[in-house]
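The basis for the numbers below is simple: all heavy atoms, side chains too, and nothing from hydrogens, waters or symmetry mates. Both ligands and their constituent atoms are indexed starting at 1 by order of listing.
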Amino acid sequence: MPSTSNNPHLPFGENKNAPWYGKDILSVKQFDRPNLEYVFGVAHEMRGMVERVGTFDLLKGKILANLFYEPSTRTSSSFTAAMERLGGSVIPINEVKYSSVSKGESLADTVRTLECYTDVIVLRHPETGAAAIAAKAARKPIINAGDGVGEHPTQALLDTFTIFEELGLETIDGKTITMLGDLKYGRTVHSLARLASMYNVKLNYVSPEILRMPEAVMEEVKAKGVAQAEYRSLEQVLPETDVLYVTRVQKERFENPEDYDKVKGAYVIDPEIMKAAKKEMIVMHPLPRVGEISPDFDDDPRAAYFRQMEYGLYVRMALLAMVLGKA
Ligand code: ASP
């Protein structure tokens, strides 16, 4: 079919020379420091716009497909909210069992179908590498919203944006980030460790033995010259921590349910434990939490996990505007 995309009279034209126009967002490895600062600058603008006007027409006429093969509350609804705040619309496919996927359609064919109707596809899938497979099949941008135990790049971007905004920093150089819980299966910490290692930070990993940070991620961090150390107990590192990043033990990824029973509830953050932490620090969690942070801690000003979700909206607005040539 002949393309009409070069027609200068079409409304809502995009800037095809914009650096992220038409690009996929598959991994945090695509970002360097200037790129990150660019995303955060746009996200900061988006925050200002939402606070001032709520919704505006930057992506009017654009359509997003939200294709989720795994459960999601925050990621799918924040991408929907992001698109709608920018004046665009969304085709949600949350229950793939009601789509042709249940008839055996391949991921490649599903994304080829959706790109006929939409401008960008957000994909969550249980298999590591699925987003890259989808991106190979698709001509339109694919945004990885979590691929199994692989990566969750938009979460890591919003996590890093949260750290900057909450701590009011120009840089996170010199800060200590402690990741706690399921570092093996938690894809958000894999992405965050990679992204944070672009800065001169110290990374502490606190986990049960069977849920250690994967060697491959630690090797990448090491290659960047970033200090990192592993612990089994939080007490040793809590007093020096500027950002405590708590994760859920990922029950659904365990092959053996007995292993899950051994490590669930290994660490619980509560007001008593947090007495040993700095007054000026933050506690983050990608959520959902299933007991790792006591609700008794929620009113502490250091509890940043609910605010973190809101930062996610601004970062996802920024990313959508970028890949659609509007930022
Ligand atoms: N929501 C995050 C994710 O999709 C964290 C989690 O599920 O524990 O990876």
Side-chain angles (χ1 to χ4, degrees), residues 25-28 66-82 92-96 121-132 134 142-163 177-196 205-208 210-214 217 243-254 259-260 263-269 282-295 303-313 315-316 319:
I25 296 178
L26 303 179
S27 163
V28 290
N66 240 353
L67 177 59
F68 280 69
Y69 289 72
E70 269 192 344
S72 168
T73 303
R74 275 149 292 273
T75 307
S76 79
S77 58
S78 66
F79 266 112
T80 300
I93 305 187
N94 297 325
E95 294 275 2
V96 287
I121 299 171
V122 170
L123 172 71
R124 170 168 291 184
H125 197 280
E127 281 159 35
T128 304
I142 300 286
I143 300 181
N144 181 3
D147 60 338
V149 299
E151 279 221 36
H152 196 344
T154 69
Q155 177 76 46
L157 290 166
L158 81 86
D159 290 340
T160 313
F161 182 61
T162 301
I163 298 172
I177 303 175
T178 299
M179 301 181 190
L180 175 74
D182 184 348
L183 308 184
K184 178 180 180 187
Y185 297 120
R187 56 194 170 197
T188 72
V189 282
H190 302 164
S191 290
L192 182 60
R194 290 180 170 118
L195 205 57
Y205 309 127
V206 183
S207 72
I210 60 166
L211 297 179
R212 292 174 52 207
M213 182 63 91
V217 179
V243 176
L244 177 62
Y245 191 97
V246 186
T247 63
R248 165 181 77 93
V249 179
Q250 309 271 303
K251 184 177 183 183
E252 68 276 28
R253 314 253 182 239
F254 280 72
D259 286 344
Y260 172 74
V263 288
K264 70 172 185 211
Y267 308 98
V268 179
I269 298 303
I282 52 170
V283 177
M284 298 173 63
H285 193 307
L287 301 174
R289 64 175 160 182
V290 286
E292 319 73 54
I293 302 181
S294 159
Y305 31 92
F306 297 126
R307 299 189 292 272
Q308 186 181 348
M309 291 189 273
E310 189 182 323
Y311 293 116
L313 170 68
V315 167
R316 288 174 174 138
L319 296 173

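For Arg124, a nitrogen or oxygen atom sits less than 3.5 Å from a nitrogen or oxygen atom of ligand 1, counting backbone and side chain alike. Considering backbone and side-chain N/O of Arg187, one or more are found under 3.5 Å from N/O of ligand 1.
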- [ ] Could you please spell out the steps behind the side-chain hydrogen bond (donor to acceptor under 3.5 Å, both in side chains) verdict for Arg124 and Ser76?
- [x] CA-CA 9 Å; Arg124 170 168 291 184; Ser76 79; over 6 Å; no

- [ ] Start with the C-alpha gap between Tyr205 and Leu211, add the side-chain angles, then the distance that decides, and say whether side-chain contact (heavy atoms from CB on, under 4.5 Å) holds.
- [x] CA-CA 10 Å; Tyr205 309 127; Leu211 297 179; over 6 Å; no

Open item on the list: Go through it in stages, so that I can follow the logic: the residues are His152 and Thr75, the test is side-chain contact (heavy atoms from CB on, under 4.5 Å), and I'd like the CA-CA distance, side-chain angles, deciding distance and then a yes or no.
Closed with: CA-CA 10 Å; His152 196 344; Thr75 307; 3.5 Å; yes

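In terms of protein heavy-atom proximity, atom 6 (C) of ligand 1 is closest to Arg248 NH2, 3.4 Å.
Counting atoms of ligand 1 from 1 in the listed order, those under 4.0 Å from a heavy atom of Gln250 are 6 (C), 8 (O). Near His152, the atoms of ligand 1 lying under 4.0 angstrom from a non-hydrogen atom of the residue are 3 (C), 4 (O), 9 (O).
Counting heavy atoms from C-beta on, the side chains of Ile163 and Ile177 come closer than 4.5 Å.
Contacts of Leu287 with ligand 1, taken as heavy-atom pairs under 4.0 Å, involve the backbone alone.
The list of salt bridge (charged side-chain N to carboxylate O under 4.0 Å, His left out) pairs with a residue in residues 144-153, not counting sequence neighbours, reads Glu151-Arg194.
At a 4.0 Å cut-off, not a single heavy atom of Ser72 sits close enough to ligand 1 to count as contact. Judged by the shortest distance from any of its heavy atoms, Glu70 lies outside the 4.0 Å radius around the atoms of ligand 1.
Taking 4.0 Å as the cut-off between side-chain N and carboxylate O, Arg187 and Glu252 do not count as a salt-bridged pair.
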